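This report refers to the structure that appears directly beneath it.
Counting from 1, the numbers follow the sequence of the chain as shown. Start at 1 and go down the list; that is how both ligands and their atoms are numbered. In this text the structure is predicted, and so the values were computed from the model without any measurement.
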Amino acid sequence: MKKDDTNKEYKDYSLWHNIKLSFKYAKNRKKEFILYFIFNILLALIGAVAPLLSAKQLLKITDGLLNELLIISLVILIVELSRNLCHFFARKYSQKFAAEVLKMIQIDVANEVLKIETSDLDKKSSGVFIDRLVKDTGRIADIFLDLNMSITDFITNLGILFAVFVISKVLFMYYIIAITIIFILEKIRIQEYIKADKIYRKHAEKTTGLVGELVRGVRDVKVLNATEPFMNKISNDVTALNDERYRMGKTRRTYSLVIGSIRDILDFTLIAIAYLLITKGYLTISNFVIVYMYRGKIFNLLTLTSQVLEWIKDFNLSAGRVFEIIDSNVFKKEKFGTKHIDDINGDFEFKDVHFGYKDNHEVLKGISFKIKHNQTVSFVGKSGAGKSTIFSLLAKLYEPDSGTISINDIDINELDCDSVRGNISIITQNPYIFNLTIKENFTIIKNNITDDEIVEACKSAKLHDFIMSLPNGYDTLVGEGGLTLSGGQRQRLAIARAFAQKTKIILFDEATSALDNETQKGIQDAINEMKNEYTILIIAHRLSTVINSDKIMMIDDGQVVATGTHEELLQNNKEYKKLYNMELKKRDTQ
Ligand code: ADP
């Protein structure tokens, strides 16, 4: 697959495909589905019995048989009450069924989002996933419930149609023709409507993503005094979204006018046909009164037919958008091997690795190096040289275009997820802190972590004293993205999380850049204590933090241009010497 395929069109799955996938999630709710089905059949039977009984009731009135009328009315009451009960249970079981399906789909979709390749995630706005996970899955459940209610009503009304068949074949034929006409018109309307809805939902997910950015970036927007341009962007997106909503309304409006008028004409035609039948002696007035009494319900059959059609299309659209996330042909999924290693020693190697985020721009250009376990190795070089990319590739966030990366002499493509990610932690300059308590920021990454382990990790990261100074200590909420913490505290919390995971390979990606000198020295001491036990990789701006490394690699334009200890590089590499002298000068002038 090409890397730059941001605007690829989405798949249209068949209805059958979507139904099959939906039912896969409801396997353990078979009982509710069967019960729902049984109650629906009962409803259909009752639906046919009620009008026939009503016809009898009317005959008794016209014949003056008041005693029998009372008995028949009592029977009708019992039938109607049992219809209500059947409705109640049919709804109950369909609601149980829908809740289960929704739960399972949402959990699975969230799980699948976590498996999507980072390169595919990079290309999409967060709105794509938020809307599908929340709105579209919700629509599937709502449609299922609406659909079930409509099907129940539909079946009941089919029973009524059957009663019409018993009463008058001509009127029955009339209804069949009327239903067919409305059905065709509704089908055209729905096609137009769904086309507009598809575009609307694309706009909606873009807007959700932008609103998310508004909330997350509100401080920067304020400080940058960018309220006006940002509002312009929001206003454009919201306008496009609502224009589309209006277009959908227009389709609905226009077709409602046409279809409504045709229905009124059909209603008049019913009376005209009945008039002819009565005058010619083919229909009694009392039977016509019955058909006329129930005509609302039969015409309701038309409304229900169009609603059902619309919901089926809507279901197909929502389910298609949701199941697209699960489909690895649309959103590429990360692939891992099957080999599992519990105890890696921390050796790893890059062999002639080429990689670019985009098709025409190679970031790593055939990079090769070997790191021995328990070494501390630093990467230095200009910004944009490809240092962080090396880390991302080692954690398998991206796949190399060619070449191999191996851990413990095993190609990482052969290793399972646990063997790769369970053995590596990356501490970045801008770590993500969850909007949970400090303690939960540990339990979310390691279920069975003990309080003592959390405290120990925080002590190593020089964060414990600060946490203890907070009124709620380890139970303090840190705000979205760790908003209530300073940059340095966020980094220390990320470092503590990595310490707590005790992975064999730890990558520090300019992780101490936001720390003051004293804290940095404290963390440096903690890293030094870990030396010889862990494989530690450091990307650092300040050369002072890399002096003690066993090996320093200079990266330039996606390649290793020099390797050695600090002393060796100072002696042999002009570029390194220049960098070091510049830093010394900077320190002297501070
Ligand atoms: P360094 O860590 O040496 O500063 P990086 O590895 O972060 O460099 O980046 C190398 C190049 O890759 C840069 O040109 C950067 O713009 C580009 N790059 C980094 N991350 C991405 C990404 N997710 N998508 C596209 N390009 C990226």
Side-chain angles (χ1 to χ4, degrees), residues 1-8 113-126 128-129 209 212-213 216-217 331-334 348 350 352-369 371 376-403 405 412 421 424-432 491 494 498 505-514 536-543 545-546 549 551-563 569 573 575-576 578-580 582-583:
M1 198 193 298
K2 270 172 80 73
K3 291 188 179 188
D4 304 329
D5 49 4
T6 328
N7 294 320
K8 67 189 168 194
V113 170
L114 288 174
K115 287 187 202 156
I116 294 173
E117 278 199 357
T118 323
S119 53
D120 258 20
L121 289 173
D122 287 350
K123 290 175 210 151
K124 296 275 179 258
S125 122
S126 57
V128 170
F129 303 104
E213 283 189 84
R216 283 192 300 275
F331 286 97
K332 268 212 299 174
K333 296 293 160 61
E334 294 181 322
F348 69 88
F350 274 53
D352 195 25
V353 170
H354 289 259
F355 173 76
Y357 293 96
K358 300 196 178 99
D359 275 339
N360 304 321
H361 184 242
E362 205 167 53
V363 172
L364 298 184
K365 302 174 174 172
I367 198 165
S368 299
F369 60 85
I371 308 268
T376 298
V377 179
S378 297
F379 292 79
V380 295
K382 282 189 261 184
S383 166
K387 303 180 296 291
S388 304
T389 305
I390 296 173
F391 282 18
S392 299
L393 258 57
L394 184 60
K396 221 166 180 275
L397 290 176
Y398 299 91
E399 303 256 338
D401 297 327
S402 65
I405 301 168
I412 59 169
R421 301 223 174 115
I424 295 172
S425 27
I426 304 185
I427 305 153
T428 62
Q429 199 177 12
N430 196 6
Y432 195 81
Q491 279 192 341
I505 302 173
I506 305 180
L507 316 175
F508 290 90
D509 189 348
E510 296 182 5
T512 52
S513 59
I536 301 171
L537 266 61
I538 303 168
I539 295 177
H541 265 321
R542 281 184 273 192
L543 293 190
T545 48
V546 306
S549 307
K551 193 154 90 176
I552 299 167
M553 287 203 263
M554 281 197 72
I555 310 290
D556 191 29
D557 199 17
Q559 279 169 324
V560 183
V561 288
T563 309
L569 286 175
N573 191 285
E575 197 62 35
Y576 186 83
K578 206 167 98 191
L579 272 176
Y580 188 65
M582 261 163 50
E583 194 170 309

Any side-chain donor paired with an acceptor under 3.5 Å for Tyr357 and Thr389?
-> yes
Which residues pass the side-chain contact (heavy atoms from CB on, under 4.5 Å) test with Gln559, sequence neighbours left out?
-> Lys365
Sequence-distant partners of Lys115, side-chain contact (heavy atoms from CB on, under 4.5 Å), two or more places apart = Asn111, Glu112, Lys333
Could you tell me whether Glu399 and Lys332 have a side-chain N and a carboxylate O separated by less than 4.0 Å?
-> no
Kindly write out the residues that satisfy side-chain contact (heavy atoms from CB on, under 4.5 Å) with Val546, not counting sequence neighbours, or none if the list is empty.
-> Ser378, Val380, Ala540, Leu543, Ser549, Ile552, Tyr576
Below 6.0 angstrom between ring centroids: does that apply to Phe355 and Phe350?
-> no
Quick one, list the residues around ligand 1 where some non-hydrogen atom comes in under 4.0 Å, by chain and residue number.
-> Asp122, Tyr357, Val363, Lys382, Ser383, Gly384, Ala385, Gly386, Lys387, Ser388, Thr389, Tyr398
